[in-house]
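Throughout, protein chains are lettered first and strands after them, A, B, ... in sequence-line order, and every chain is numbered starting at 1.
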Amino acid sequence: MTTPHLLAKIRCKLFISLLECRADLSGRGGKIVMRLQRTYGCGNINRENIGEKVVLAGWVQGRRDHGGLLFVDLRDRSGLVQLVFDQERQGALFTEAEKLRSEYVLAVRGTVIARSPETLNLKLATGEVEISVEDMELLNSARVPPFYIEDGIDTDENLRLRYRYLDLRRPEMQEMLLLRHRLLMATRRCLDERGFWEIDTPMLTRSTPEGARDYLVPSRVSPGYFYALPQSPQLFKQLLMVGGVERYFQITRCFRDEDLRADRQPEFTQIDMELSFCSRDEIITEVEALLSDLLQSILGQKLETPLPAISYEEAMERYGSDKPDTRYGMELRDISEIAGECNFKVFNQVISSGGAVKGINVQGQGNFSRKELDDLTTLVQSWGTGGLAWMIVTEDGFKTPIAKYFAGEQLDSLRKHMDGQSGDLLLFVADEKVNTQKILGQLRVHLARQLDLVPEGEHHFLWVLDFPLFIYDQEEKRYTSNHHPFTAPCDEDIPLLQTDPLKVRSLAYDLVYNGVEIAGGSIRIHDKEMQETVFKLLGLAQEELDEKFGFLLEAFKYGAPPHGGIAFGLDRLLMLMGGRKSIRDVIPFPKTAAGSCLLTGAPAPVSPGQLKDLHIYTVSRK
RNA sequence: GGAGCCGUGGUGUAGUCAGGUUAACAUGCCGGCCUGUCAAGCCGGAGAUCGCGGGUUCAACUCCCGUCGGCUCCGCCA
């Protein structure tokens, strides 16, 4: 990735601004915490500084003690430079330097000297020079750190999280912090240029039905009442549109009390946007402009726009996912027709009861062992389907336990349908249609990772459009919103609201980046009657509506403009731009899978007095 | 709510399947030697009741049960 270059480019600038701040403070008679005042960043020293007196400050990266000669690597956020102490030249200072240990905090004054040709270190940006130290101020000592402060460490993540402040000293983490900063700044600059106003909205708001579980905050002054932390600023940004803002954005924290994943944290940051008087396509164009700007200004990469787009239905048919990773093939193929005619009961029974049989071609993997195939079967069973049928394509036919159920021409047709070449492994799932798609979609992702078919360093973006407005919740026996209850239906599908709600497509859109959903949004309903219709289809009682959404419906009575918007998951975007595997790697202080913070110990018990103030009684944990 | 994997000196691992002498290796740490290293080198030393609790056994890092913590996935995440 390009981040190291980015860091190098920006180092100098950052350091200058730091010096300017220091200059402002001088002469005010403040308390002196440092006798020496630094003049350069460690990583900024180079050949051009030779002969110059400099003052540096930072942490001891390591030392190499040669007896009468001592090397110390000094590190600050700009990089690393070698200090040299010579017993004969430095005398008493040398004795002090011998006491230095890893991560001691230090300021030094010295002269930049050239290294002799045989002692150059070209691996280091500062490797042509070193600092002959003349004065030293030990600013702090340090305990031995629990892990190495260097890139590429292989340490238990518990430790890194518990000592996050040490983890953050590592260059790759500093790069992450810088990249995050750049992304925030570029977003603000770009959206400002495009006429968006940054407006902040409340963190203490009210719980609404639908959506994720809320984080609740008890009210002290209203006993038994609770605020909720926002899952997103959804309602407020719509109210801002009614308020005549026209173009709004916010970089804001959102909270959802659901189980975590590698790309999911209980609190995360969104780039939230909303526009008035716009169509779906105009919003998509705005988003592409933002994304294009961000990729250009942060990674130096050009984004080809317009980005490709497919419908939800096509995504499910071809990839078994509403966030397909298009960096590799292995697309789903439908063999329902053949399956319905063959004698394999598992297949034809599924077809006769309205299900689907689909397969993927795992090219060149016909050498899977029986055990590996059994493991895959167990895996898909754990995902909630009956089993997995397999066929290995050979020169003259198929190696498979189910060949006997198929007529010769059916096998030929199957091979053609699946594009089977000798040595390919074909895997089939037979189930209710959507389940077939989802299971195979998951299997596709699983195998691509396992077989290392995912090309690194590629950036694939894809819009997914035409989501169904509703999905049917089997457990609750009612419709629920696929996106959220404020999403507008497609104009031409509005009549279906009365007759066949599941067929209604919405004006929602998701942006998928390398198989990860990084943004989602929709054109909103701005009409009070339409909003009430949708709420009613969702089975929300009038009373509940009035209580929980009354303010929105009321606002819509006062001339709501047509509007729509989108929200980016900033952490996910950053994760993908930085080529990191987990969202935790791009969040300064992330939480574990159980939602705990290993650094602060949150969540933690509170005192009985605090609970009393909040009118809260707790029940026993067990 | 469910499934899988992991937990052994400061750190990373081996040993666990098949119970048995002093828990091994690397690195870090401490001390000594060493004037051109940059993963410095050489010599010496300290450092672990094997996540925790219970059980089986003459004997448990090892087997069984429970529990805590972490990671990944399913459900969940408008």
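The residue Leu260(A) sits apart from the nucleic acid: no heavy atom pair falls under 4.0 Å. Among the atoms of the strands shown, base atoms are found under 4.0 Å from some heavy atom of Asn121(A). Contact annotation for Asn482(A): backbone-only contact, meaning every heavy-atom pair under 4.0 Å involves sugar-phosphate atoms and none involves a base. Within the nucleic acid shown, Glu130(A) comes within 4.0 Å of at least one base atom, counting heavy atoms only. As judged by a 4.0 angstrom heavy-atom cut-off over every strand, Asp86(A) is placed among the base-contacting residues. At the heavy-atom level, Ser481(A) lies under 4.0 Å from the strands shown only through sugar-phosphate atoms. Nucleic acid contact class of Glu88(A) (heavy atoms, under 4.0 Å, all strands): base.
Remark: C1' of A40(B) and CG of Leu83(A) are 17 Å apart, rounded to the nearest angstrom. As a whole-Å value, the separation of Arg261(A) CZ from C76(B) C1' is 7 Å. One interatomic measurement links the two molecules: CG of Asp263(A) to P of C76(B), which rounds to 16 Å at whole-angstrom precision. The separation between Asp65(A) atom CG and G31(B) atom P is 10 Å, rounded to whole Å. Going from atom CD of Gln87(A) over to atom P of C34(B) covers 9 Å, rounded to whole Å.
Between the base of U35(B) and the side chain of Arg89(A) there is no donor-acceptor pair shorter than 3.5 Å. Side-chain N/O atoms of Arg115(A) and base N/O atoms of C38(B) include a donor-acceptor pair closer than 3.5 Å. Interface remark: the Asp259(A) side chain does form a donor-acceptor pair with the G75(B) base, using a distance-only criterion of under 3.5 Å. Taking only distance into account, the side chain of Arg256(A) never meets the base of C76(B) through a donor-acceptor pair shorter than 3.5 Å. You won't find any donor-acceptor pair under 3.5 Å spanning the side chain of Arg160(A) and the base of G70(B), going by distance alone.
The distance between the ring centers of Tyr513(A) and Phe568(A) does not fall below 6.0 angstrom. Aromatic pair Phe467(A)/Tyr312(A): ring centres closer than 6.0 Å.
Using P as the reference atom, G12(B) and C71(B) are 15 Å apart when rounded to the nearest Å. A distance of about 24 Å separates the C1' atoms of G70(B) and A26(B), rounded to the whole Å.
A distance cut-off of 5.5 Å between ring centres, combined with a plane angle under 30°, places His66(A) in a stacking arrangement with the base of A40(B).
Taking both residues in full, the closest heavy atoms of Leu159(A) and Pro146(A) are given as CD1-O, 4.1 Å, listed atom of the first, atom of the second, then distance.
Here U11(B) is the nucleotide among C29(B), U11(B), G75(B) with the atom lying nearest to any side-chain atom of Leu159(A).
In this structure, C17(B) forms no base pair with any nucleotide, since neither Watson-Crick nor G-U wobble geometry is met with both distances under 3.5 Å. Pair check for G7(B) finds C68(B); Watson-Crick or G-U wobble, both atom distances under 3.5 Å.
For Lys123(A), the side chain to side chain donor-acceptor pair (under 3.5 Å) criterion is met by no residue, not counting sequence neighbours.
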(request) Kindly indicate, with the supporting measurements, whether the criterion side-chain contact (heavy atoms from CB on, under 4.5 Å) is fulfilled by Leu100(A) and Leu138(A). (result) CA-CA 9 Å; Leu100(A) 295 174; Leu138(A) 182 62; 3.9 Å; yes

